[in-house]
Participant: 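Mind having a look at this structure? Questions to follow.
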Amino acid sequence: MLTIKNLHAGVEDKEILKGIDLEVKPGEVHAIMGPNGSGKSTLSSVIAGKEEYEVSEGEIYLEGEDIGELAAEERAHKGLFLSFQYPVEIPGVSVTNFIKTAINESRKAKGMEDMPANEMLKKIREKAELLDIDRKFLSRSLNEGFSGGEKKRNEIFQLAMLEPKLAILDETDSGLDIDALRIVANGVNKLRSKDNAVVVITHYQRLLEYIVPDFVHVLHDGKIVKSGTKELALELEAKGYDWVKQEVTA
Amino acid sequence: MELKDKLVSSFMAFENQIDVDTSVHDIRSEAIKIFEEKGFPTKKEEAWKYTSLNTLLKNDFSVFPKEEVALDFKDIKKYFIHDIDSYKIVFIDGVYSSHLSETTHEGMDICLMSAALHKPKYRPVIDNYFNKVAKTDDSLTSLNTAFSKEGAYIHIPKNKAVDKPVQIIHFATGNEAAIMLQPRNLIIVDENSHIQIIERHQSLTENPVLTNSVTEIFADKRAVVDYYKIQNDVQSASLIDNTYISQQRDSNASVHTFSFGGNITRNNLNFYHKGEHIDSTLKGVTIVGDKQHVDHYSLVHHAQPNCESHQDYKGIYADRSTGVFNGKIVVDKIAQKTNAFQQNNNILINDKATINTKPQLEIFADDVKCSHGCTIGQLDEEALFYLRTRGIPEKEGRALLMYAFANNVLESVKIPEVKRRINKLIATKLGVNLGFDL
Ligand SMILES: Nc1ncnc2c1ncn2[C@@H]1O[C@H](COP(=O)(O)OP(=O)(O)OP(=O)(O)O)[C@@H](O)[C@H]1O
Ligand SMILES: [Mg+2]
């Protein structure tokens with residue numbers, strides 16, 4: 001599904017990602033953990049196609065296709081989705097209009113007609129229900145004045161609407177209360193299948209109790225320094241990152 | 001001959017060709033004197049620092065239309081908001097076109113300035129209102145006053161909600177190599193009456209047009225006046241719009257200005273408060289490119305306590321276009337409990353585009369709430385990336401962001417068809433189909 005080979009990326013003279021290798025297969029859940037500033041969000045932005053970062057070395061493949069040269073929107077059309085750590089506020093565009101535009105632009109890119117209005121409405125209603133989102137919420141301006149948790153829930157609503165092949169969830173759990181976390185995780189799990197995959201970036205074991213990872217990776221200073229199964233997350237929770245760092249420097 | 005001399009010397013001939021009411025004659029004679037003294041404004045004047053009329057005035061404008069031209073409705077239909085029933089006052093090269101118009105005298109007057117200026121029955125109204133709120137020491141307003149002859153005359157008696165909007169449309173046909181038009185509108189809305197007006201100036205060829213328009217609006221007690229200016233003219237047409245609004249207590253007046261086209265567009269918009277509990281709204285969306293120039297010069301004069309004004313202008317400037325926003329708010333000493341808001345936000349699409357924005361607050365009362373803010377920025381690249389990760393291509397994403405940026409100004413547009421039309425114009429202007437119903 002997603003293959004990353006020796007990825008180096010950064011800004012101007014600063015290298016942030018220093019050689020990342022990652023292989024995510026269909027149906028899998030991977031968790032990426034790691035201290036603040038280790039490069040988790042940078043990695044997700046680079047995968048999503050943010051032009052601000054320069055890729056100096058390495059490749060990114062989605063379903064076998066090198067997507068390194070593709071624009072962000074083209075990557076989205078190929079089934080990539082990034083749930084932002086800090087979703088952007090866009091006053092003046094309602095959640096509904098935004099999602100309609102997003103869906104129809106993706107369809108257009110695939111040579112499909114716009115989604116019929118009633119089908120769209122039905123889908124919106126269904127997914128809003130799945131994530132326990134109030135209808136009134138959907139007519140509000142995108143993320144404007146949303147609470148931290150509402151923003152995250154709205155990200156997962158978009159995920160549910162767009163049904164990507166590969167979803168990267170960048171700290172979707174931060175800002176969510178316990179109930180919301182359960183609802184959101186539940187939503188993500190409902191969308192999982194043997195044909196898609198999820199990469200969750202998180203600082204906490206809690207989310208991983210709901211979205212159970214097949215693999216856990218530790219990112220430190222732009223490199224994956226340790227990979228393991230879900231037990232690794234528990235170990236990190238108990239011991240912190242220092243022991244991993246020490247292992248690396250040792 | 002310079003345009004100024006041409007105008008001054010043709011004044012006598014102009015006065016002779018119309019039968020003159022003495023009081024109006026005096027006003028005109030006084031006005032031409034002011035214009036002769038002051039001439040066209042230059043960049044030396046503070047109020048015209050960023051807008052130069054020099055190049056424009058080099059055109060050899062003819063100042064009177066020579067012959068009438070007829071237009072077919074089907075050819076110009078698109079310039080009307082045609083999906084609503086409306087009164088229409090239409091002019092072609094400054095001359096009233098009866099076959100394109102739909103006026104009325106039933107229970108109210110929605111008709112012509114020429115009639116109001118000449119028929120004795122309108123004399124008392126003209127004596128009371130004509131040139132009474134327009135700034136008499138302003139050179140361009142005076143020039144218009146001197147040559148005032150035709151335009152819209154609207155008088156709504158008290159307690160009447162006008163059943164449908166009024167469209168005032170001026171066409172220039174290019175019948176003359178270059179033409180100067182000076183429409184003069186007088187709009188009087190009596191106590192507790194409501195009216196909605198849509199105004200548009202449209203040139204149909206590439207021949208230069210200069211319109212120097214003056215509109216006087218009187219909103220009596222509890223009157224509600226909503227005015228929409230659609231400025232989407234061709235590149236060779238310039239507009240100087242001078243609008244003066246006098247509001248009595250509890251009245252509500254709004255002017256929305258949509259500037260999407262034209263060569264030089266200057267909006268002089270003035271609100272004067274004559275009573276308490278007045279509400280004034282000034283909103284604008286400007287989206288221009290090429291070498292277009294749009295200058296919003298506004299004044300809200302709070303002269304009475306407990307009044308509000310809401311001003312919100314958004315500008316998007318591309319290519320080498322230039323913009324000016326100069327919003328003056330004066331709050332007199334007695335105007336306590338004034339709420340005055342002003343906002344001007346701009347996006348420059350290109351580093352060759354420029355905007356000069358200057359709020360001017362002169363506040364002499366101490367118990368007031370005044371806020372103003374202006375921003376000049378580029379599109380939010382972070383937001384654009386967000387949209388693109390959702391599959392919205394860059395071009396559409398930019399358009400969506402610009403649309404969103406301008407959008408909240410449309411919220412206060414009360415005529416749905418106008419809102420829809422403006423939305424469409426914005427989308428066209430931004431060159432995209434936004435993928436949802438506008
Ligand atoms: N555009 C940028 N310009 C300069 N430095 C950047 C830029 N983006 C990221 N960085 C730096 O790269 C490093 C990695 O940042 P990143 O946001 O990827 O960390 P993170 O692992 O997501 O951290 P957190 O857990 O706090 O979210 C940080 O030191 C950050 O300051
Ligand atoms: Mg991060």
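In what follows, chains are A, B, ... by sequence order, proteins preceding strands, each numbered from 1.
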Participant: Quick check on A:P87 against chain B: is it the side chain, the backbone, both or neither that has a heavy atom closer than 4.5 Å?
Facilitator: both
Participant: Relative to chain B, which of A:A117, A:A48, A:S141 shows the most heavy atom pairs under 4.5 Å?
Facilitator: A:A48
Participant: Under 4.5 Å heavy-atom distance to chain B, tell me which part of A:A109 shows up: side chain, backbone, both or neither.
Facilitator: neither
Participant: Show your working on salt bridge (charged side-chain N to carboxylate O under 4.0 Å, His left out) between A:E69 and A:R75 and close with a plain yes or no.
Facilitator: CA-CA 10 Å; A:E69 295 296 317; A:R75 298 182 194 201; over 6 Å; no
Participant: Can you name the one residue among B:K395, B:R390, B:R388 that meets salt bridge (charged side-chain N to carboxylate O under 4.0 Å, His left out) with A:E73?
Facilitator: B:R388
Participant: Under 4.5 Å from any heavy atom of chain B, what part of A:S94 do you find: side chain, backbone, both or neither?
Facilitator: neither
Participant: Counting only heavy atoms closer than 4.5 Å, note whether A:I103 contacts chain B via side chain, backbone, both or neither.
Facilitator: neither
Participant: Pick one of side chain, backbone, both or neither for A:E51, based on which atoms fall under 4.5 Å of a heavy atom in chain B.
Facilitator: side chain
Participant: Does A:F84 have its ring centroid less than 6.0 Å away from the ring centroid of B:F385?
Facilitator: yes
Participant: Do you see a donor-acceptor pair shorter than 3.5 Å between the side chains of B:K229 and B:T243?
Facilitator: yes
Participant: Using the salt bridge (charged side-chain N to carboxylate O under 4.0 Å, His left out) rule, take A:E126 and A:K123 through it: C-alpha gap first, then chi angles, then the decisive distance, then the call.
Facilitator: CA-CA 5 Å; A:E126 201 180 287; A:K123 188 164 183 178; over 6 Å; no
Participant: Can you say whether B:L410 sits under 4.5 Å from chain A via the side chain, the backbone, both, or neither, judging by heavy atoms?
Facilitator: neither
Participant: Less than 4.5 Å to any heavy atom of chain A: does that hold for the side chain of B:E411, its backbone, both, or neither?
Facilitator: neither
Participant: Assign the ring pair B:Y386 / A:F98 to parallel, tilted or perpendicular, where the plane angle (0 to 90°) is split at 30° and 60°.
Facilitator: parallel
